[in-house]
Amino acid sequence: MLTIAGRTFRSRLFGGTGKFSSSRVMKEALDASGCEMVTVALRRIDLDNPEDDIMSVLDRKKYLFLPNTSGARDADEAIRLARLARASGGGDWLKLEVTPDPRTLLPDPVETLKATEILVKEGFIVLPYMNADPILALRLQDAGAAAVMPLGSPIGTNQGIMTAFQIEIIINQARVPVVVDAGLGAPSHAAQAMEMGADAVLVNTAIAVAGDPVRIARAFAMAVEAGRDAFEAGLGEKRVDASASSPETGLDFLR
Amino acid sequence: MSPWVWRPATFETVFYMEIICNGEVKNIQPGTKLVAFLENLGVKPDTVFVECDGVILQKKEYDTFVLPENARLELIRFVGGG
Amino acid sequence: MFTIPDFADLQLLIKGCSAADVEQALHNEKSDIHDLAALLSPAAEAFLPQLAARSAAITVRRFGRTIQIYAPLYLSSFCTNRCAYCGFSAENKIERRVLSIDEAMHEAEILHSRGFEHILLVSGEAPGKLGVEYLEEIASKLRPRFAAISIEVQPLDEDEYARLFKAGITSVAVYQETYDRKIYDQVHLSGKKCDFDYRLATPSRVAAAGMREVGIGALLGLSDWRLEGLALGLHLAWLRKHYWRTALTVSFPRLRPAEGDFQPLVKVGEAQLSQLIFALRIFDPDVGLLLSTREEARYRDGMIGLGPTRYSAGSCTAPGGYGDAEISGEQFSVGDHRSMQEVCSDICHKGYDPVRKDWDATFQEN
């Protein structure tokens, strides 16, 4: 079972709550996905429409809320959002994202590391969203991140795992769980991440914008399970050419 | 009171004061408690968290917290996000 | 904290390995501990040329056609431990000495004039005779003259390693001798070295102190070499996970004739040594592998390019032995008596580049 910061999760699929057509669809899709942790964002209330509380449909006993710092452009903004999120009473969990470039929404490694260092000291359980940079993953781990969340491809692009080579290195090196986040556009992408040995995946857009979000949520759940099973079973590894002894590697010198 | 807004000395300026809530100017009576302000806006207090002048208020404070004049209030809640 | 499974449990990993497992391990892109077990197993003996080929391919891809060259400088033969297998063992009646700083510098100058840039400072374990202050002083004096300074001395505490790093020492070798706790207790008769766990935790302290490199190893001839190999693999993997900034090396010292009549408890032949080296190379493509002058010239020449990446040369294992060839009191007698120039020219002959420095301690800002 997956354990992050001492908490265990039966499902290795984490859901997002953005971009759904309605809170009803969101709830049904998340229920179908079997996920136990969902990301949520923090925003000012719309004073013209104060009743619009879409999160009220989600049972917070069933779903662990993972507040994100989306919209933060630097460490200071992210830290402010983090503290606000904690005041919500939802605990210390935090998906840290710092995205200064509004076009690509790619995470800023320098500010993310800085914010992680500070937030960990303040007692947050920090899960940083990061580019698939192995050294950054290790630096974040050293700074006390509870997991690392490398991106498969830029957020919302549904391109799948364009960073496979890097993510593989991260998975091999990290001591903390690796959650592949962003860019997973199809159940096959999620399965691929799990087969590679990722500890979990986070999927939002691909579920929210699908023709039938409830059905695709179920498909993602099955793909994640299949991928994990495959990983644990041990895939037949890719074979490399291990040519037999050539004259060059003769061992005649041995006594 | 905002220096750039001219207002005649009327009943309002004597018995009301301004705060800024989510970027909008709101006139409230001195002594208004947070919980009353929220209910007046139509916001259920338990669905929202509040930052006043950069300080995050605890839920248990909502009933007793008196909004100060010129307070900068941020009313925040969870919304959908990835 | 790193712990080592009981050797009886490690044995189970190796026991059932078949030829098919070996072939699988040879073809896998990445290898895990089960692959390592297969490569170390008796079933892999028939595949030694294939192991060599795979090991050679990985080594040339990762390290190129280079062999790093270093020389040991023995500082002291005093030792407070009684270790059944070691020439410096406290009970052995040998002429003992500890070099003064000036004497040590004189020896170092000789090595420098012979062309060495990487020097390994070695001593027995006698902190009273040779402590951290001594090492600090000698390191700061050697630093301008040598590109890299390593030590192989008594295990120290983390803050002491940090001090030595500051003084210019960049790498520490500390061999467990054997990962087999039972045998360890049998051969370490008295002295601080009897504490298996303190020694086992030493590489972690070295890495935590910020050293650039830590070397681990097992003395071959004490316990089952296959299991020592597995234990080394586990230790490497653990260190990689916990200290990603630290480069790792492994040494494969086979017991050499030494003062005190100790006979190896198990025989490890050249074919077995080679299997161990190839297996660890395939298991960990990035690890530096050392082959010292304990081995004969013929063997060391043969192994060039097949896995090892670092050779000592022209070594003398008695303190003061470079300046005075007549001096006695060596730790063990070496197997390769060639000079550094001869070793280097043989390496060149094989199409490899003998590298005398790959880092400058002077680059380090302290």
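Please read these numbers as outputs of a predicted model, since none were measured by experiment. Reminder, nothing fancy here: chain letters follow the sequence lines and each chain counts from 1. Values below: all heavy atoms of this structure, side chains included; hydrogens, waters and symmetry mates excluded.
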Subject >> Point-to-point distance, once rounded to the nearest 0.5 Å, from OG1 of B/T47 to CD1 of A/I45 >> reply: 5.5 Å
Subject >> Per-residue contact mode, B/L75 against chain A (heavy atom under 4.5 angstrom) >> reply: both
Original post:
From B/F78 CZ over to A/T17 OG1, what is the distance, rounded to the nearest 0.5 angstrom?
Top reply: 9.5 Å
**OP:** Please check if atom CZ in A/R43 has more than 12 non-hydrogen atoms from other residues, nucleotides or ligands closer than 6.0 Å.
**Re:** yes
Subject >> Contact class of A/K19 relative to chain B, heavy atoms under 4.5 angstrom >> reply: neither
**OP:** Salt-bridge test for B/E51 and A/R83: reply yes if a basic N is under 4.0 Å from a carboxylate O, no otherwise.
**Re:** no
Original post:
Shortest non-hydrogen contact from B/G80 to A/A41?
Top reply: O-CB, 3.8 Å
Subject >> Portion of B/E74 that has a non-hydrogen atom of chain A nearer than 4.5 angstrom >> reply: side chain
**OP:** Ignoring hydrogens and angles, tell me if any N or O in the side chain of B/N22 forms a donor-acceptor pair with the backbone of A/D46 under 3.5 Å.
**Re:** no
Subject >> Pairwise distance CD1(B/I76) to CG(A/L84) - rounded to 0.5 angstrom >> reply: 4.0 Å
